[in-house]
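Structure first, then comments.
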Amino acid sequence: MLEALKHVTSATSSDEQLQEKFTDLQPGLSSRQTAIESERCLYCYDAPCTRICPAEIDVPGFIQNIATGNINGAAKSILDQNILGASCARVCPTEILCEHACVRNHDAEGAPVRIGLLQRYALDHMYFPEHPFTRAAATEKKVAIVGAGPAGLSCAHQLARAGHDVVIFEAQPQSGGLNEYGIAKYKLVGETAQREVDFLLQIGGVSVRHGQVLGKNLQLSDLQRDYDAVFLALGLSASRRLGLDHEDAPGMVAAVDYIAELRQADDLSRLPVPRQCIVIGAGNTAIDMAVQIARLGAEDVTLVYRRGAEDMSATAHEQSIAKENQVRILTWAQPQEVLLDAAGNVAGMRFEKTIVVDGNLKTTGETIELPAQAIFKAIGQSLNLASLHDTAAQHLQFEGGKIRVDEKYRTSLTKVYAGGDCIAAGQDLTVQAVQHGKLAALAINDDLKAKV
């Protein structure tokens with residue numbers, strides 16, 4: 001249980017009642033709805049939906065397969081480009097990517113083809129007696145991957161297809177990374193993430209070793225010595241700090257830690273649920289945290305951001321989900337002081353109102369206090385540099401607090417590549433991490449073949 005919330009009482013509803021609040025946020029399409037929706041696609045030449053997709057999925061192609069009843073064909077087309085297409089269909093912000101680019105937004109109907117739900121239907125209803133991809137002839141090359149999240153898993157599958165042997169080193173007890181530990185429970189329900197991992201590993205040639213922590217029982221220099229290539233898919237595991245006094249007081253919690261606890265909980269009724277809480281942040285993690293704590297029974301949930309709603313990285317769709325769950329969004333307010341009760345526990349937070357002057361954010365001197373028994377920080381994650389302290393890692397080059405790579409995902413270290421959220425390029429999207437892993441694997445394969 002979360003030590004920082006040990007003074008907070010548990011949820012007042014039963015586990016059964018709470019589980020009902022964490023079913024799919026958006027139900028899947030029926031077969032009839034799928035047929036109708038797939039026929040709305042115009043199968044555009046040089047389709048804008050495909051061009052904007054980070055994973056380069058042939059969107060009109062897979063939708064046309066669905067329209068003709070070829071569900072396996074649609075699924076394989078998706079998986080060929082995005083082996084984690086099932087989870088991405090649920091968590092990808094299609095409203096700002098493929099569906100935003102859909103030409104049907106601009107015709108008489110004024111509504112995009114529901115690409116995400118069609119992709120989900122294909123991957124939820126596919127049936128392959130055997131894994132749909134096969135391994136090439138064995139190359140006798142070994143590749144180490146650090147991190148079993150979307151980037152690492154995608155890289156591993158692509159390398160296995162090329163005939164290489166892959167070992168994934170993962171710190172957590174389960175594979176999946178953000179999909180298993182960091183996504184809202186109502187977006188990836190039940191065992192969705194683990195089923196996808198199990199499916200991916202069916203290709204063979206990939207083994208996963210859990211409890212392997214880089215910088216502790218795993219050293220980069222050893223991997224560099226023992227393997228033909230190394231791919232770092234570290235993610236961002238260090239929560240950023242507010243820089244305020246009392247930031248470690250009981251009741252101050254990193255949102256990602258609570259979300260991970262929630263996703264792994266066997267009994268939701270045992271989770272600590274404050275009556276009043278504050279979520280600080282502007283991204284999807286902040287929305288996920290606020291919505292989930294509200295669904296668990298918190299009576300008063302306020303999400304606070306220092307700028308305006310239009311500046312939030314959470315999409316308008318995500319913001320609407322928060323409002324539908326009675327989450328109050330307070331903008332133009334910057335954290336100033338953590339308020340404590342007589343026992344030293346969080347009692348609330350004082351904020352200072354902000355404005356923009358000549359393009360710069362300024363405080364006004366006006367303050368507002370909000371009561372709370374818990375404050376959840378969702379102000380972003382950073383690379384855990386403590387894991388990169390051995391002799392080899394000290395020679396890595398960084399850019400903006402992340403690992404610098406070239407256009408082929410090579411780091412400054414020989415034989416070492418990196419991708420996903422730990423590198424400077426990208427928007428920290430699951431689908432983009434998958435693409436990084438895939439492209440890095442192709443680069444690794446080319447480099448290994450060039451050395452033969």
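- No donor-acceptor pair closer than 3.5 Å links the side chain of Gln158 to the backbone N or O of Leu442.
- The CE atom of Met126 sits 13.5 Å away from the OH atom of Tyr121 when rounded to the nearest 0.5 Å.
- By the 4.5 Å heavy-atom criterion applied to side chains, Gln212 and Asn217 are counted as neighbours.
- Within the 6.0 Å centre-distance limit, the rings of His157 and His131 are counted as a close aromatic pair.
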Quiz item: Between Val431 and Val91, is a side-chain contact (heavy atoms from CB on, under 4.5 Å) present by the stated rule, with each step listed?
Solution: CA-CA 9 Å; Val431 65; Val91 306; over 6 Å; no
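- Taking every heavy atom of both residues into account, Ala229 and Ile444 meet most closely at CB-CG2, 3.8 Å.
- Of the candidates Arg410, Lys408, Lys415, Asp447 forms a salt bridge (charged side-chain N to carboxylate O under 4.0 Å, His left out) with just one, namely Arg410.
- Salt-bridge annotation for Asp165 and Lys141: absent, with no side-chain N of the basic residue lying under 4.0 Å from a carboxylate O of the acidic one.
- For Ser87 and Glu196, the side-chain atoms include at least one donor-acceptor pair closer than 3.5 Å.
- Across every non-hydrogen atom of Gly116 and Ala89, the tightest pair is O-CB, 3.6 Å.
- Geometrically, Lys76 does not engage Phe62 in a cation-pi contact defined by less than 6.0 Å to the ring centre and at most 45° from the axis.
- A donor-acceptor contact shorter than 3.5 Å is absent between the side chain of Ser269 and the backbone of Ala11.
- The shortest non-hydrogen separation linking Ala162 to Thr139 is O-CG2, 3.6 Å.
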Practice problem: Dump the intermediate steps for side-chain hydrogen bond (donor to acceptor under 3.5 Å, both in side chains) on Glu130 and Gln202, then the final yes or no. | Solution: CA-CA 8 Å; Glu130 298 179 350; Gln202 287 174 11; over 6 Å; no
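- Counting heavy atoms from C-beta outward, Ile83 and Leu153 have side chains that stay 4.5 Å or more apart.
- Residues Leu388 and Leu383 form a side-chain contact, since some pair of their non-hydrogen atoms from C-beta on lies under 4.5 Å apart.
- Side chain to side chain, Ser175 and Glu170 fail the donor-acceptor criterion of an N or O pair below 3.5 Å.
- With respect to Arg195 and Asp198, no salt bridge is recorded, no charged nitrogen being found less than 4.0 Å from a carboxylate O.
- In this structure, Gln381 CD and Cys422 SG are separated by 13.5 Å, a value rounded to the nearest 0.5 Å.
- Looking at heavy atoms from C-beta onward, Met312 lies in side-chain contact with Ile329 at the 4.5 angstrom threshold.
- Between Asp124 and Arg90, the shortest heavy-atom distance links the atoms OD2-NH2, 2.8 Å.
- The environment of Glu16 atom CD is sparse: at most 12 non-hydrogen atoms of other residues, nucleotides or ligands sit within 6.0 angstrom.
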Quiz item: Given Val301 and Gln326, is the side-chain contact (heavy atoms from CB on, under 4.5 Å) satisfied, shown in steps?
Solution: CA-CA 8 Å; Val301 183; Gln326 288 73 56; over 6 Å; no
Practice problem: Start with the C-alpha gap between Arg307 and Leu361, add the side-chain angles, then the distance that decides, and say whether side-chain contact (heavy atoms from CB on, under 4.5 Å) holds. | Solution: CA-CA 8 Å; Arg307 293 182 179 271; Leu361 191 70; 3.7 Å; yes
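- Put simply, the side chain of Ile168 does not reach to within 4.5 Å of the side chain of Phe231, judged on heavy atoms.
- Distance alone, capped at 3.5 Å, is enough to place a donor-acceptor pair between the Thr354 side chain and the Arg306 backbone.
- Shown here are the ring-ring contact (aromatic ring centres under 6.0 Å, His included) partners of His164, two or more places apart in sequence or in another chain: there are none.
- The closest side-chain donor-acceptor pair between Gln224 and Gln219, if any, does not fall under 3.5 angstrom.
- The pair Arg270-Asp267 does not meet the salt-bridge criterion, since no charged nitrogen lies less than 4.0 angstrom from a carboxylate oxygen.
- In this structure, a donor-acceptor pair under 3.5 Å is present between the side chains of Gln194 and Glu180.
- Under the 3.5 Å distance criterion, the side-chain polar atoms of Asp15 are left unmatched by any main-chain donor or acceptor of Leu18.
- Judged purely by atom type and a 3.5 angstrom limit, Ser154 uses its side chain to pair as donor or acceptor with the backbone of Val434.
- In this structure, the ring of Phe169 has its center no less than 6.0 angstrom from the ring center of His210.
- Rounding to the nearest 0.5 angstrom, the gap separating the SG atom in Cys155 from the CD1 atom in Ile145 is 4.0 Å.
- When all heavy atoms of Leu303 and Ala290 are compared, the pair lying nearest together is CD1-CB, 4.3 Å.
- In this structure, Arg263 contributes its side chain and Gly182 its backbone to no donor-acceptor pair below 3.5 Å.
- Using a 4.5 Å cut-off on side-chain heavy atoms (C-beta onward), Gln19 and Leu268 make contact.
- Under the 3.5 Å distance criterion, the side-chain polar atoms of Thr192 are left unmatched by any main-chain donor or acceptor of Leu188.
- Rounded to the nearest 0.5 angstrom, Arg104 CZ and Ile115 CD1 are separated by 12.0 Å.
- Contacts of Ala184 classified as side chain to side chain contact (heavy atoms under 4.5 Å, CB included), with partners at least two apart in sequence or in another chain: Tyr186, Lys187, Asp288, Gln292.
- Judged by distance alone, the side chain of Ser412 and the main-chain N or O of Gln397 form a donor-acceptor pair under 3.5 Å.
- Under the 3.5 Å distance criterion, the side-chain polar atoms of His436 are left unmatched by any main-chain donor or acceptor of Gly419.
- By the 4.0 Å N-to-carboxylate-O rule, Asp80 lies too far from Lys438 to be salt-bridged with it.
- Not one N or O on the side chain of Ser77 forms a donor-acceptor pair closer than 3.5 Å with the backbone of Gly73.
- For the pair Asp24/Arg120, a side-chain contact is recorded, criterion being any heavy-atom separation below 4.5 Å from C-beta on.
- Taking every heavy atom of both residues into account, Glu318 and Ala314 meet most closely at CB-CB, 4.2 Å.
- From Ile203, atom CD1 reaches atom OG1 of Thr134 across 7.0 Å, with rounding to the nearest 0.5 Å.
- Residues Ile293 and Tyr258 meet the side-chain proximity criterion, which asks for heavy atoms closer than 4.5 Å.
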Quiz item: Stepwise, does the salt bridge (Lys or Arg N to Asp or Glu O under 4.0 Å) test hold for Asp257 with Lys377?
Solution: CA-CA 10 Å; Asp257 292 343; Lys377 296 178 292 182; over 6 Å; no
Quiz prompt | Chi angles and distances behind the side-chain contact (heavy atoms from CB on, under 4.5 Å) call for Thr302, Val279 | solution = CA-CA 6 Å; Thr302 304; Val279 179; over 6 Å; no
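- Taken to the nearest 0.5 Å, the CG atom of Leu396 stands 6.5 Å off from the CG atom of Leu220.
- Comment: Glu56 does not engage Arg51 in a salt bridge, judged by the lack of any side-chain N to carboxylate O separation of less than 4.0 angstrom.
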